[in-house]
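Here's the structure we're looking at; comments come further down.
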4 protein chains.
Amino acid sequence: MPFTYFRTVHFADTDAAGVVFFANYLAIVHEAYEEALAAAGVNLATFFADHGVVVPIAKSEADYRRPLACGDRLRVVVQPTLLSEHSYELHCELFRLGPPEKSAARIRTEHVCIASATRARTPLPPALAAWVRGG
Amino acid sequence: MPFTYFRTVHFADTDAAGVVFFANYLAIVHEAYEEALAAAGVNLATFFADHGVVVPIAKSEADYRRPLACGDRLRVVVQPTLLSEHSYELHCELFRLGPPEKSAARIRTEHVCIASATRARTPLPPALAAWVRGG
Amino acid sequence: MPFTYFRTVHFADTDAAGVVFFANYLAIVHEAYEEALAAAGVNLATFFADHGVVVPIAKSEADYRRPLACGDRLRVVVQPTLLSEHSYELHCELFRLGPPEKSAARIRTEHVCIASATRARTPLPPALAAWVRGG
Amino acid sequence: MPFTYFRTVHFADTDAAGVVFFANYLAIVHEAYEEALAAAGVNLATFFADHGVVVPIAKSEADYRRPLACGDRLRVVVQPTLLSEHSYELHCELFRLGPPEKSAARIRTEHVCIASATRARTPLPPALAAWVRGG
C-alpha cells in the first residue's frame, strides 16, 4: 500500500529561478520515505546502527514535470517494491495540490542493503523487508 | 500571540556528526516563520512582488543548546516584535519533544523592509505589520 | 570538449550516515555546470533574464557508485550534447581523487529551453547553443 | 594569521528572492573553517573520531550586509581566537569581490570541545589548539 506524505514548499527549497531546485525534489521524496519508515516503526536514529547495516541509494531517476513555488502544498506518494533479498526500489510521485491537483514529478530510487563493517551486500533486516513487502 | 510549528528532523538536515548542521537550525526556524505568515494570510509566492518590497534578514543570533537527531520531533515557537515602522525581530525557540521536552535552541532574527526597486527602507505593508503587531 | 571542475566535499554536503547525501551529488554536478557556463562567458545572474528564457532540468539519472566523505577531493567532468534546437543533456562523472582515483557517480541531466513568458519551448540562445556544441 | 578562502556563489545557495538564503551564509563560512583546518593538517573525516571529541557550535551571530547573487565571487576571511582551554570563537567576514570589493557579512561562531562519550567539556586536542593559537 503506498504511503502518503504532505509537505509545504519552503523558501529554503527554492533557488534564484524562483522555484524548487531540482536536487531538492529528491530530498523531499527522501523525507516521505523517512516518514513511511517511521510510520512502520523503523526508528531512523538507531535502526541502521542496531542492525549493523546501511542502505545507500544506488540509483535515482527523476522526471521533473512542473515547477513548484514557495508555499505550494504537496502530496508525495511512496510505493516500495522488493528487487532482491538485499535491495528494493521506491516509486514516488509528487503532486501539487489544487484545485486542480497536478503531477509535479516522478522519482524512482534504488536501495541496496550492505553490512556497515564489510560493505558487502546483506539481506534486509526483517522490519525493513516487512515494510517493503507490505508497501 | 506566538505561533507554533511542528516539524520532524529529516536526514537532509543532518551532517556527518550525526546531528542537525548548525546552519539548518536557522532554515527550520524560517519554515516556522513562513507557516506563521501563511496562517496570517500572507501568500509567500506573491506577497513581496505584489507590494514591491523585500524583507531580508539583517541579523541572526543563535544559541544552540542541544543536538538534534534524525527523527526527532520538534516544536518551534515564533514570536514577532515590531522594532520600527520598517523592521521587526522574531524570537524563536526550538524544543525537542519528550518526554521530557527540552529546549534545543534559541534564535533571534531581525528583518528590514526595503523597496525592491530602490533598496531604500520602506514601511511594512499593512498585512505584514498586522501580523507582527498581532504576534 | 568536457569541462573539469575540482571540488572538496564539505560538512554541509554530508548526512548522518557520514557521507554525502544522495541529492547533493546532483547539486555538486550543477555547480560544475555553472562553472562551465561561466567559463564560456555565460553570466548566470543575468543571462536568463536578458534572453527571456529559463532552462529547467526535465530529467535526471544518477548512478551512485561510491560514498564520499567530508574532505574528499573531487574531480567532476561535464560533457554537454545537443538533443534538439531547444534541449541538451549533460553527461557528468564525479571522481574521488586518489591515489587511486575512483569513479564515485555518473549523472545525466536533460535541459529544456522555454520562454519565461509563455513557458513554450524555444530555441537555445546562441551563446548557450555554442557552449553545448563546443562541449 | 587569518585564513582566506575563495568561493563562487552557486545556484543551490540562493532562494526565490534571487539571492543567497540567510542560513547559507553560515554554511559558506563553515566551508572556510573546514579549509582552514585542512590547511593546518586537521583531517576532518577522521580527526574528531580519532580524538574522541566533537566540537559543536554553541552560538552564532551574523550581520548580513549585502545580498549575494549566483556567480558572485567571494573572499571569506576566518580568524580564530581561544576563549578557554575547551572553547574558541571564529570571526569571519565575507567579501564580494569587485571592483569595488564590498563586505557582505560578518559572522561569529563559538565552538566548544566535548568528549564524544560523556558530552562533558574537555580540552582541545593539541593540533586544534595549535591552529586556534596560530590563527
Side-chain angles (χ1 to χ4, degrees), chain A residues 12-34 43-49 51-69 87 89-90 92 94 102-114 116-117 119, chain C residues 12-34 43-49 51-69 87 89-90 92 94 102-114 116-117 119:
Chain A
D13 301 319
T14 63
D15 65 24
V19 292
V20 173
F21 185 61
F22 82 117
N24 291 344
Y25 283 74
L26 275 69
I28 291 170
V29 157
H30 201 275
E31 287 181 22
Y33 165 50
E34 294 168 28
N43 181 332
L44 287 161
T46 59
F47 182 81
F48 297 102
H51 289 80
V53 300
V54 288
V55 191
I57 294 175
K59 289 184 197 302
S60 70
E61 293 170 13
D63 186 4
Y64 308 94
R65 301 170 152 205
R66 204 168 287 276
L68 296 169
S87 65
E89 63 180 1
L90 304 181
C92 307
L94 277 86
K102 300 272 193 178
S103 174
R106 279 200 186 149
I107 294 171
R108 194 184 75 87
T109 53
E110 210 173 298
H111 304 243
V112 179
C113 186
I114 61 179
S116 304
R119 299 200 71 85
Chain C
D13 300 319
T14 63
D15 65 24
V19 292
V20 174
F21 184 61
F22 82 117
N24 291 344
Y25 283 74
L26 275 68
I28 291 170
V29 157
H30 201 276
E31 287 180 22
Y33 165 49
E34 294 167 28
N43 181 332
L44 288 160
T46 57
F47 182 81
F48 298 103
H51 289 80
V53 300
V54 288
V55 190
I57 294 175
K59 289 184 198 300
S60 69
E61 293 171 12
D63 186 4
Y64 308 95
R65 302 171 150 203
R66 204 169 286 275
L68 296 169
S87 64
E89 62 181 1
L90 303 181
C92 306
L94 277 86
K102 300 270 192 179
S103 174
R106 279 199 186 150
I107 294 170
R108 194 184 74 86
T109 54
E110 211 174 298
H111 304 243
V112 179
C113 186
I114 60 180
S116 303
R119 298 200 72 84

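Chain letters run A, B, ... following the sequence lines, proteins first and then strands; every chain starts at 1. As the structure is a computational prediction, the values presented were derived from the model and not from experiment.
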Segment of [X] engaging chain C (4.5 angstrom heavy-atom cut-off):
{"X": "A:R65", "value": "neither"}
{"X": "A:A16", "value": "neither"}
{"X": "A:F21", "value": "side chain"}

Inset, instruction - With sequence neighbours excluded, tell me which residues meet side chain to side chain donor-acceptor pair (under 3.5 Å) with A:T109. - result: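 A:T109 satisfies side chain to side chain donor-acceptor pair (under 3.5 Å) with A:H111 only.
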Legend entry - Residue list, side chain to side chain donor-acceptor pair (under 3.5 Å) with C:E89, at least two apart or on another chain: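 Once residues adjacent in sequence are excluded, the partners of C:E89 under the side chain to side chain donor-acceptor pair (under 3.5 Å) criterion are C:H91, C:R108.
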Inset, instruction - Please tell me if the side chains of C:L68 and C:N24 come closer than 4.5 Å, counting only heavy atoms from C-beta onward. - result: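 Contact flag for C:L68/C:N24 side chains = no.
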Inset, instruction - Using the salt bridge (charged side-chain N to carboxylate O under 4.0 Å, His left out) rule, collect all pairs that involve residues 13-28 of chain C, keeping only residues at least two apart or in two chains. - result: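 Matches after skipping sequence neighbours: C:R7-C:D13.
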Gap separating the [atom1] atom of [X] from the [atom2] atom of [Y], nearest 0.5 angstrom:
{"X": "A:Y25", "Y": "C:L26", "atom1": "OH", "atom2": "CG", "value": "13.0 Å"}
{"X": "A:F22", "Y": "A:Y64", "atom1": "CZ", "atom2": "OH", "value": "5.5 Å"}
{"X": "C:I114", "Y": "C:R119", "atom1": "CD1", "atom2": "CZ", "value": "3.5 Å"}

Legend entry - Toward chain A, the part of C:A17 with a non-hydrogen atom under 4.5 Å: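 Nothing of C:A17, per the 4.5 Å heavy-atom cut-off to chain A.
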Inset, instruction - Could you please state which residues from residues 52-60 of chain A sit under 4.5 angstrom from chain C, measuring non-hydrogen atom to non-hydrogen atom, sorted by number, or 'none'? - result: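 Hits under 4.5 Å: A:I57, A:A58, A:K59, A:S60.
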Inset, instruction - Would you please classify the geometry between the C:H51 ring and the C:F47 ring as parallel, tilted or perpendicular, with 30° and 60° separating the classes? - result: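 If you compare the ring of C:F47 with that of C:H51, the planes turn out tilted.
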